[in-house]
Amino acid sequence: MDIPKTYDPKQAEARHYSRWEEAGFFAPEINRDPHAPVYSIVIPPPNVTGSLHMGHALQHTIMDVLTRYKRMSGYRTLWLPGMDHAGISTQIMVERQLKKEGLTRHDLGREKFTERVWQWKQEYGGQILKQMRREGASVDWSRERFTMDEHLTRAVREFFVRSYEDGLIYHGEGMISWCPKDQTALSDLEVDKEEQKDGKLYYLQYPVKGSDRRVTVATTRPETMLGDTAVAVNPNDERYRDLLGATLLLPIVSREIPIVADEFVDPEFGTGAVKVTPAHDPNDYAMGIRHNLPQVRVIDQHARMTAEAGAEFEGLDRYQAREKVIEKFETFGLLEKIVDYEFSITKCGRCRTVIEPLISTQWFLKQAELGRAPLELVREKHEPRFVPRVPYEKVYTDWLENLHDWTLSRQLWWGHRIPAWYDEEGNVYVARTEEEARVKAGTDKLEQDPDVLDTWFSSALWPISTLGWPDETEDLKTFYPTSLLVTARDIIFLWVSRMMMTGLKFMGERAFDDVFITGTIFDKHGQRMSKTKGNGVDPLEVFDKYGVDATRLVLASIGTTDTRWNDTQVESYRNFANKIWNATRFCLMNSEGASVKSDAFAVERDKLALHDRWILSRLNRTAREVNEFLAKYAFHEAVQTLYHFFWDDFCDWYIELTKAEITAEAASPERDAARSRILTVLEQALRLLHPFMPYITEELWLSLPGVDEKLLHPAYEGAHATIMLASYPQGEEALIDVRAEDEMQAIIDLISRVRNIRSEMNIKPGERVPLLISAADENLRAVFAASTDQIARIARVSEINITEKLDAPRASARAVLGGGAELAVPLEGLIDFAQERERLTKEQAKLKAEAEKLEKQLGNPQFVERAPAEKVEELRQRVADINQRMSALEQNLEAFA
RNA sequence: GCCCGCUUAGCUCAGUUGGUAGAGCACACGCUUCACACGCGUGGGGUCAGAAGUUCGAGUCUUCUAGCGGGCACCA
């Protein structure tokens with residue numbers, strides 16, 4: 001027998017994945033049952049530029065555990081992989097590459113540049129997909145999709161055209177967030193607010209025309225005053241009532257601007273007078289429309305001042321212009337004060353450049369209309385079901401209640417080009433193809449809109465487009481709606497909500513039943529992992545160090561909770577994997593004449609030893625619990641249950657209890673039967689563990705004698721043997737044996753007490769001691785009697801004497817057990833009476849404290865009256881048991897007196 | 001400003017419907033016991049952030065306070 005003592009994860013990891021993939025185990029077609037229930041997940045498509053981080057590994061683990069679990073449970077299972085073209089990120093990545101060659105994208109031109117991006121994708125993109133193989137992700141690679149695939153492009157155009165025809169999409173002027181560095185419009189979800197701790201608030205004075213008065217306005221952006229076209233005050237503000245309708249002389253540019261009244265203005269803030277710059281601030285833009293104010297554009301797309309800002313300012317950067325405006329105001333004596341002021345500024349979510357709000361002609365989508373159906377669904381039916389519901393259902397609902405128009409167009413080259421064409425007069429034709437547009441326009445002289453769509457526009461279609469929409473494919477019929485979406489919380493708005501919108505619009509059904517929001521993994525100091533900080537833990541390094549299976553156990557346990565990453569947890573699961581390895585090794589070393597058998601435990605109940613009935617019960621109870629936990633996404637609990645079943649019940653107790661039988665040198669039907677039983681329990685345990693630990697379980701499962709195709713779930717008839725397709729144990733209620741568990745517990749307690757005595761009395765591990773057991777209850781005596789061999793072996797006892805009443809020599813260490821049992825270890829010459837007295841006194845004190853607490857509670861008439869009768873009875877039982885133990889201890893102490 | 005979450009053993013975290021506080025790691029002691037030292041056995045360690053309330057009974061429910069972390073908001 002030549003099995004290494006230590007499990008080497010890398011070997012198993014290298015061995016099985018490609019085999020599984022090539023055999024088609026990941027594809028739903030492997031399931032031959034036409035009536036099989038369906039389980040489907042589409043992966044959140046990682047960016048084509050991305051590489052695996054812990055967040056991905058976490059999401060993938062959750063998805064894979066469930067997919068493998070459902071597959072083993074007989075479901076027709078699809079986990080669909082793919083990638084996102086990631087417009088801006090990818091374009092920037094390739095531009096950076098070009099820069100090294102001294103080129104810009106404009107040097108290449110649009111067509112060549114796009115080709116270059118595709119080339120880049122071929123060579124470097126999709127790193128993450130290779131890494132997913134390492135994770136053991138059981139995705140169906142035959143259905144891999146990319147958001148820029150021809151078919152998905154067709155879906156995008158369909159979405160666009162239909163929405164345009166329905167009046168949901170429009171082309172027009174609006175106030176948008178513009179990134180001066182990336183040179184594109186952004187949606188409000190792609191920008192971040194950032195606190196400006198050292199911000200300043202500038203108080204500027206504007207002279208009133210034909211008067212000595214001045215009106216003071218407060219602003220954080222003085223440079224925009226060059227584009228002011230009004231000052232607004234609250235209509236109820238007494239201070240300015242007489243100035244309503246007056247004209248102000250805008251300093252520097254000498255423009256005459258009105259004072260207007262608007263409810264928006266908060267009289268409490270600043271001076272109660274607000275400068276209005278309709279071309280460069282979202283609120284002012286809205287106010288400008290309300291009061292029909294001119295829009296003077298003083299800042300351009302590069303965040304530099306325009307000619308409109310005046311000759312002195314033209315070409316200046318916005319911050320230089322700010323300095324200059326302040327200088328001027330100071331010289332004019334119009335700068336009232338500058339105060340420190342904390343506020344937030346908006347930055348580009350990608351490059352952190354400060355956003356410039358600009359008026360621009362773009363394509364927009366009226367999200368409010370699309371959002372109505374998802375909003376109703378979540379309000380009325382709580383669908384999709386968020387896990388955890390708090391706080392995400394509310395977050396999602398709140399957002400849907402307050403939808404703004406979505407800026408769709410991006411001034412980029414990489415992405416889905418907007419399917420809109422213009423004729424020479426500038427009329428727009430939205431169509432699925434250029435041909436269609438020509439027909440609509442009645443001319444060939446058309447020019448396509450140069451812009452591309454927001455990346456999230458195609459992502460919004462992911463669950464339906466990947467399954468074939470707009471065609472009515474078999475996949476779409478079979479796998480939609482999907483069962484589950486697993487993702488991080490930061491894209492609930494960007495993505496989750498929008499998939500619900502498109503799913504409901506085009507399919508009339510929710511995109512997924514459940515939405516599982518994973519926790520966030522921080523570094524050990526509680527800091528968010530990020531590339532710029534360089535504090536990220538690389539999943540691949542963790543895989544290398546501890547193995548994929550161990551890492552997956554940690555990730556599955558994390559589930560929805562925010563966690564600080566620490567290697568010690570992985571290490572402990574690495575040890576667990578090793579434990580599984582060695583337990584199997586032990587079973588294999590003693591497997592001659594035996595095999596995994598469906599009828600290994602099929603003998604009359606009274607012919608089966610207690611420990612066999614017990615492990616069978618524990619196994620089935622564990623299986624039931626794990627199924628229940630998985631049904632409610634309680635991964636941590638499932639992992640804990642399996643861990644303790646395998647380590648504590650199976651290894652620490654069952655193997656030890658059955659060891660003598662199994663390692664017997666002489667072959668016998670009894671030995672072979674015992675060997676088959678342990679193999680059979682082990683085989684089931686491996687299946688239960690498989691969704692979490694795919695590699696080690698497959699590696700070991702295949703090595704077990706008697707394991708073959710017959711163990712596969714009936715749906716996979718004809719497939720080669722693999723644990724992946726073995727049926728997941730459901731746990732049989734009938735095999736749960738409460739009595740066996742209670743009786744076994746008595747044995748375990750007994751052995752533990754003996755071990756405790758041995759340890760406290762410093763008895764050498766090799767030294768065997770005699771043991772006296774007493775129990776008034778006949779049945780309990782029988783239970784002990786039936787297990788004397790095991791007790792003797794495990795507790796290292798030389799001889800066991802079971803009596804009705806304890807009759808031990810004075811020089812004995814004693815202990816009391818539940819159920820009125822007692823034990824004594826005679827230690828003539830070894831025992832230190834003082835020490836033993838101390839030990840017993842300590843134990844007595846413990847019991848006494850507990851008894852007092854309970855008696856106090858029982859002495860409370862209100863408790864006895866109001867608490868449920870069974871609760872009261874339970875306490876009485878406990879008190880009785882404690883009292884029994886105490887009196888036994890008392891007698892023991894007297895023996896030493 | 002509004003909303004939400006978190007605070008449990010030295011560390012990382014569990015604790016379902018209110019009814020004797022748990023795990024892993026760490027720590028102490030003892031073990032080359034014929035699967036495993038990535039192991040075995042034994043043991044110590046928590047007034048569950050603080051306060052008040054509801055209740056026979058609160059880690060668990062309510063309110064407030066503090067600290068930390070999110071999300072949202074047009075306050076110039």
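Chain A is the first sequence line, chain B the second, and so forth, proteins listed ahead of strands; every chain is numbered from 1. Being a predicted model, the structure only gives us computed values, none of them experimental.
Of the candidate nucleotides B/A23, B/C38, B/A37, B/A23 has the atom lying nearest to any side-chain atom of A/Gln640. Among the nucleotides B/U20, B/C74, B/G19, the one closest to any side-chain atom of A/Ala867 is B/G19. Here the side chain of A/Asn575 is nearest to one of B/G24, B/C38, B/A35, namely B/C38. Side chain of A/Arg755, nearest nucleotide from B/A76, B/C13, B/U42: B/U42. Across B/G5, B/C3, B/C40, the shortest atom-to-atom separation from the side chain of A/Lys579 is found for B/C40. Comparing B/C36, B/G15, B/G24 by their nearest atom to the side chain of A/Lys5 picks out B/C36. The listed nucleotides are B/C13, B/G39, B/A76; the one nearest the side chain of A/His636 is B/C13. Across B/C74, B/A35, B/G15, the shortest atom-to-atom separation from the side chain of A/Phe264 is found for B/C74. Distances were taken from every side-chain heavy atom of A/Pro765 (C-beta onward) to each of B/A35, B/C13, B/G30; the shortest belongs to B/G30. Set against B/G19, B/A23, B/A35, the side chain of A/Phe863 has B/G19 as its closest nucleotide.
A side-chain N or O of A/Gln745 and one of A/Asp749 form a donor-acceptor pair less than 3.5 Å apart. For the residue pair A/Arg489 and A/Thr520, a side-chain donor N or O sits within less than 3.5 Å of a side-chain acceptor on the partner. Looking only at atom types and distance, the side chain of A/Ser187 has a donor-acceptor partner in the side chain of A/Glu190 under 3.5 Å away. In summary, the side chains of A/Thr224 and A/Lys275 do present a donor paired with an acceptor at a separation below 3.5 Å, with no hydrogens or angles considered.
A/Arg878 comes within 4.0 angstrom of a nucleotide base, judged by non-hydrogen atoms across all strands. Contacts of A/Lys394 with the nucleic acid, taken as non-hydrogen atoms under 4.0 Å apart, involve only primed sugar atoms and P, OP1 or OP2. Looking at heavy-atom distances under 4.0 Å, A/Val265 makes contact with a base. Residue contacts shown for A/Cys587 are absent, as no nucleic acid heavy atom lies under 4.0 Å away. Counting any heavy atom pair closer than 4.0 Å across all strands shown, A/Lys524 reaches no nucleic acid atom. Heavy atoms of A/Thr663 sit nowhere under 4.0 angstrom from any nucleic acid atom. Among the protein residues, A/Asp652 comes within range of the sugar-phosphate backbone only, with heavy atoms under 4.0 Å from sugar or phosphate atoms but none that close to a base. Nucleic acid contact for A/Asn566: sugar-phosphate only, since backbone atoms but no base atoms lie under 4.0 Å from a heavy atom of the residue. In this structure, A/Glu268 reaches neither bases nor backbone, as no heavy-atom distance under 4.0 Å exists between it and the strands shown. Contact annotation for A/Tyr643: backbone-only contact, meaning every heavy-atom pair under 4.0 Å involves sugar-phosphate atoms and none involves a base. No engagement by A/Pro861 is indicated, since no non-hydrogen atom pair under 4.0 Å with the nucleic acid exists. Across all strands, A/Glu571 comes closer than 4.0 Å to no nucleic acid atom at all (heavy-atom distances). Across all strands shown, A/Arg574 has heavy atoms under 4.0 Å from base atoms, whether or not it also approaches the sugar-phosphate. No engagement by A/Phe629 is indicated, since no non-hydrogen atom pair under 4.0 Å with the nucleic acid exists.
Annotation: B/G50 and B/G45 have their C1' atoms spaced 23 Å apart (nearest Å). When the P atom is compared between B/A28 and B/G44, the two are found 16 Å apart, to the nearest whole Å. Only the C1' atoms considered, B/G41 is 15 Å distant from B/C36, to the nearest whole Å.
With rounding to whole Å, A/Phe522 atom CZ is found 11 Å from B/G5 atom C1'. For A/Phe646 and B/G24, the CZ to C1' distance is 18 Å, given to the nearest whole Å. Rounded to whole angstrom, the span from the OH atom of A/Tyr396 across to the P atom of B/C3 amounts to 24 Å. Rounded to whole Å, the distance from CG on A/Leu657 to P on B/U33 is 20 Å. Here the P atom of nucleotide B/U7 and the CG atom of A/Asp562 are 11 Å apart, to the nearest Å. Remark: P of B/G19 and CZ of A/Arg876 are 20 Å apart, rounded to the nearest angstrom. As a whole-Å value, the separation of A/Asp549 CG from B/C38 C1' is 15 Å. In this structure, the CE atom of A/Met761 is 14 Å from the C1' atom of B/G30, given to the nearest Å.
Geometric assessment of A/Lys659 against the ring of A/Phe586 yields a positive cation-pi assignment under the 6.0 Å and 45° thresholds. Stacking of A/Lys200 on the aromatic ring of A/Tyr341 is not recorded, the 6.0 Å distance cut-off and the 45° axial limit not both being met.
With hydrogens and angles disregarded, no donor-acceptor distance shorter than 3.5 Å links the side chain of A/Asn582 to the backbone of A/Arg585. A/Ser798 places a side-chain N or O within donor-acceptor distance of the main-chain N or O of A/Val769, the cut-off being under 3.5 Å.
Taking side-chain N and O atoms only, A/Trp647 has no distance below 4.0 Å to OP1 or OP2 of B/A35. Here A/Thr6 does not reach the OP1 or OP2 of B/C36: none of its side-chain N or O atoms lies under 4.0 Å away. A/Asn762 has no side-chain polar atom (N or O) that falls below the 4.0 Å cut-off from OP1 or OP2 of B/C29.
Of all nucleotides present, only B/G43 satisfies the Watson-Crick or G-U wobble test against B/C27, with each distance under 3.5 Å. Searching all strands for a Watson-Crick or G-U wobble partner of B/C72 with both distances below 3.5 Å returns B/G1. A 3.5 Å limit on both hydrogen-bonding distances identifies no Watson-Crick or G-U partner for B/U32. Pair assignment for B/C61: B/G53, on the basis of Watson-Crick or G-U wobble contacts that are both within less than 3.5 Å. Searching all strands for a Watson-Crick or G-U wobble partner of B/C6 with both distances below 3.5 Å returns B/G67.
Outside the 6.0 Å centre-distance limit, the rings of A/Tyr546 and A/Tyr573 are not counted as a close aromatic pair.
For A/Glu656 and B/A35, a side-chain-to-base donor-acceptor distance below 3.5 Å is present, hydrogens and geometry of angles not being considered. At a cut-off of 3.5 angstrom, counting only N and O atoms as typed in the model, there is no donor on one side facing an acceptor on the other between the side-chain of A/Arg585 and the base of B/C36.
Partner of A/Trp647 under the ring pair (Phe, Tyr, Trp, His ring centres under 6.0 Å) criterion, out of A/Tyr643, A/Phe650, A/Phe645: A/Tyr643 alone.
Heavy-atom nearest nucleotides on RNA chain B were determined for A/Leu189 and for A/Gly272, and the one closer to the 5' end corresponds to A/Leu189. Comparing A/Thr220 and A/Thr561 by the nucleotide of RNA chain B that holds the closest heavy atom to each, the one mapping nearer the 5' end is A/Thr561.
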